[in-house]
Amino acid sequence: MKLSNQTLVTIIALAVLGALIMSFIAISPSIAFALGVILSGLAVHFMQGASPAAVTPDDSSSTSSSSKTIYVGNLPYRANENDVKDLFSEHGEVFAVRLMKDKRTGKRRGFGFVVMNSADVGTAIANLNNKEYGQRTLKVREANEPKNGEDLDSE
DNA sequence: GGTGAGCGA
């Protein structure tokens, strides 16, 4: 029975309202308030349990989209994640790009990580490593801390 | 007004 504060406020509000309403027809205000509490509580409980989508279509089909994380260094500071993602998308299926900017200062650190399909990782690295981008030579490699251990075979 | 090696909380 974990009710949020907002729910409690709602219950109280409905209780007072119910008390006012029932005071016109009922007997004593105290009983009316008590009835209001009970009825509003039931109402809220009913509302919370009225989840139409009781059947959650849980697709536990964990698609093993073999994704690998790639380290990208020597990025130009003016490059955005969108640029990097677009660049890597030309050589494979990119799932996510994380440009690691320092959260302390907010300034960019000039490197990031690209998560893409493991099947395209090799191609992307081969095509984008030492690739001149923004007057700088990109450094593309597999991430040092692999978050997905599917490929033990490497270099 | 800054900034060039580097592997993320």
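Computed from heavy atoms alone, side chains included, the values below leave out hydrogens, waters and symmetry copies. Naming convention: chains lettered A, B, ... in sequence-line order (proteins, then strands); numbering from 1 in each chain.
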A.B. asks: Checking the side chain of A/R136 only, and the main-chain atoms of A/P76 only, is there a donor and an acceptor separated by less than 3.5 Å?
C.D. replies: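 Between the backbone of A/P76 and the side chain of A/R136 there is no qualifying donor-acceptor contact (under 3.5 Å).
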
A.B. asks: What is the distance, rounded to the nearest whole Å, between atom CG of A/D102 and atom P of B/dG2?
C.D. replies: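 Computing the A/D102:CG to B/dG2:P distance gives 16 Å.
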
A.B. asks: Checking A/N127 side chain against A/T123 main chain: does a donor-acceptor pair fall under 3.5 Å?
C.D. replies: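 Yes; judged by distance alone, with no hydrogens or angles, the pair exists.
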
A.B. asks: Which parts of nucleotides 4-9 of chain B does protein reach within less than 4.0 Å, heavy atoms only, written one letter per nucleotide 5' to 3' as B for base, S for sugar-phosphate only and - for none?
C.D. replies: BBBBBS

A.B. asks: Please write out which residues are connected to A/Y71 in a hydrophobic cluster, directly or through intermediates, given that two of Ile, Leu, Val, Met, Phe, Trp, Tyr count as joined at side-chain heavy-atom separations below 4.5 angstrom.
C.D. replies: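 A/M100, A/F111, A/F113, all in the cluster of A/Y71.
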
A.B. asks: Of all heavy-atom pairs between A/V115 and A/T69, which one has the smallest distance, and what is that distance?
C.D. replies: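 Of all heavy-atom pairs spanning A/V115 and A/T69, the closest is CG2-OG1, 3.9 Å.
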
A.B. asks: Name all pairs fulfilling the salt bridge (charged side-chain N to carboxylate O under 4.0 Å, His left out) condition that reach into residues 90-103 of chain A, sequence neighbours left out, sorted by first residue then second.
C.D. replies: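 Pairs touching residues 90-103 of chain A that pass the test: A/D102-A/R104.
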
